[in-house]
Amino acid sequence: MKSLVIYSTQTGNTKKLAEAVYEIIGGEKKIYSIENAPDPAGYDFLAVGFWVKAGKPDPETLNYIPKIMNGKKLFFFATHGASTDSDHVKEAIKYAIDLAASAKIMGTFNCLGEVNPEFIKRMSEKSKQPVWIHNAPNAVGHPDKNDLENLKNIISSIIFDS
Ligand SMILES: Cc1cc2nc3c(=O)[nH]c(=O)nc-3n(C[C@H](O)[C@H](O)[C@H](O)COP(=O)(O)O)c2cc1C
């Protein structure tokens, strides 16, 4: 099986998840940032990681997902500032899944990702704030060791079962 790990990151959180996925998958494997992502056509299993921006996968990932075609096995992972089980995050992941309509979704994983303090400061000065920003302080230190272990366990179970 040929596997491809792709990640989009601004501040490094999603890259940490990508490296954990890459570490745990066996066989022939490649890892790329989204800027250098190859055509997914030559791979059997794809793990695509994004950060949530304005309630959706970040724009680079939104551009890439439609390239994944023909029943490819696909796993999404994501980091965000909103709480882990919020509708806000569920909707962002659903957005990604809906865009990948012709892929076979093998699973998803999401966890908190520390939010750029400059961004929090700028937002807190605005009268209208993003719905998720009140949760941003809880994201400090994430993804942490536990998050990475949880992700690795999920990836192992998928690979074992498939
Ligand atoms: C401009 C901007 C917009 C963001 N929008 C959201 C959002 O809509 N929902 C959310 O939960 N987190 C949002 N975040 C938080 C990021 O998704 C989170 O910090 C993520 O872990 C960043 O990942 P990275 O380090 O891989 O770039 C936003 C952060 C920035 C800087």
Side-chain angles (χ1 to χ4, degrees), residues 3-25 29-38 40 43 45-68 74-100 103 105-156 158:
S3 301
L4 178 63
V5 181
I6 300 294
Y7 62 90
S8 178
T9 193
Q10 250 195 349
T11 63
N13 298 331
T14 314
K15 184 177 184 189
K16 286 183 191 160
L17 300 191
E19 286 169 348
V21 173
Y22 184 74
E23 190 189 317
I24 214 77
I25 50 182
K29 55 185 181 179
K30 296 275 183 199
I31 181 168
Y32 293 98
S33 67
I34 195 112
E35 296 81 15
N36 303 313
Y43 295 86
F45 174 71
L46 304 168
V48 175
F50 58 87
W51 58 284
V52 176
K53 182 176 187 185
K56 292 180 187 172
D58 66 84
E60 283 78 12
T61 303
L62 286 181
N63 253 337
Y64 188 74
I65 293 172
K67 296 180 185 166
I68 303 167
L74 176 60
F75 182 87
F76 281 122
F77 56 98
T79 65
H80 47 80
S83 69
T84 310
D85 57 357
S86 60
D87 286 346
H88 179 84
V89 171
K90 284 183 191 143
E91 280 160 24
I93 292 173
K94 184 176 183 304
Y95 200 99
I97 290 173
D98 288 349
L99 255 188
I105 305 295
M106 304 301 286
T108 67
F109 174 84
N110 63 282
C111 71
L112 290 170
E114 187 160 337
V115 184
N116 181 339
E118 275 302 308
F119 183 75
I120 298 180
K121 189 168 173 285
R122 249 191 301 133
M123 287 302 122
S124 60
E125 284 159 8
K126 294 201 174 210
S127 53
K128 196 164 182 280
Q129 300 178 350
V131 288
W132 57 273
I133 205 83
H134 69 279
N135 193 61
N138 295 328
V140 173
H142 288 274
D144 63 14
K145 214 169 144 244
N146 242 356
D147 296 324
L148 300 180
E149 279 310 307
N150 290 340
L151 171 58
K152 285 181 187 174
N153 287 338
I154 290 174
I155 292 289
S156 302
I158 285 172

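These numbers were taken from a predicted model, which means no experiment stands behind them. Read the numbers this way: they start at 1 and go in the same order the structure lists the ligands and their atoms.
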(request) Please say whether more than 12 non-hydrogen atoms of neighbouring residues, nucleotides or ligands are located less than 6.0 Å from CD in Glu118. (result) no
Roughly how far apart are [X] [atom1] and [Y] [atom2], rounded to 0.5 Å?
| X | Y | atom1 | atom2 | answer |
| --- | --- | --- | --- | --- |
| Ile158 | Phe45 | CD1 | CZ | 5.5 Å |
| Ile120 | Glu114 | CD1 | CD | 8.0 Å |
| Lys30 | Ile6 | NZ | CD1 | 11.5 Å |

How far is [atom] from its nearest protein heavy atom, and which residue and atom is that?
| atom | answer |
| --- | --- |
| atom 25 (O) of ligand 1 | Thr11 OG1, 2.4 Å |
| atom 18 (C) of ligand 1 | Gly113 O, 3.6 Å |
| atom 2 (C) of ligand 1 | Phe119 CZ, 3.5 Å |
| atom 7 (C) of ligand 1 | Trp132 NE1, 3.0 Å |

(message) Can you tell whether the side chains of Glu125 and Lys121 come within less than 4.0 Å, N to carboxylate O?
(response) yes
(message) Less than 4.5 Å apart, side chain to side chain, heavy atoms only: is that true for Cys111 and Asn150?
(response) no
(message) Are the side chains of Phe119 and Thr11 in contact, using a 4.5 Å heavy-atom criterion?
(response) no
Against heavy atoms of [X], which atoms of ligand 1 measure under 4.0 Å?
| X | answer |
| --- | --- |
| His88 | 7 (C), 8 (O), 9 (N), 10 (C), 11 (O) |
| Ala82 | 10 (C), 11 (O) |
| Gly81 | 10 (C), 11 (O), 12 (N), 15 (C) |
| Thr79 | 17 (O), 20 (C), 21 (O), 22 (C), 23 (O) |
| Gln10 | 24 (P), 26 (O), 27 (O) |

Report the part of [X] (side chain from C-beta onward, or backbone N, CA, C, O) that has a heavy atom under 4.0 Å from ligand 1; answer both or neither where that applies.
| X | answer |
| --- | --- |
| Val52 | both |
| Glu114 | backbone |
| Ala54 | backbone |

Ignoring angles and geometry beyond distance, decide whether [X] reaches within less than 3.5 Å of ligand 1 through its nitrogen or oxygen atoms.
| X | value |
| --- | --- |
| Trp51 | no |
| Lys15 | no |
| Gly12 | yes |
| Thr9 | yes |

(request) For residues 47-58, pull every pair meeting side chain to side chain donor-acceptor pair (under 3.5 Å), keeping only residues two or more places apart or in separate chains. (result) Ser8-Asp58, Asp58-Thr61
(request) Applying side-chain hydrogen bond (donor to acceptor under 3.5 Å, both in side chains) between His80 and each of Thr14, Asn135, Asn110, report the one that passes. (result) Asn110
(request) Might you work through the side-chain contact (heavy atoms from CB on, under 4.5 Å) test for Ile97 and Phe76, ending with a clear yes or no? (result) CA-CA 8 Å; Ile97 290 173; Phe76 281 122; 4.1 Å; yes
(request) Mind checking side-chain contact (heavy atoms from CB on, under 4.5 Å) for Asn153 and listing every partner two or more places apart, or none if nothing turns up? (result) none
(message) Can you check which of Ala18, Pro130, Gly55, Ser83 brings a heavy atom nearest to atom 8 (O) of ligand 1?
(response) Gly55
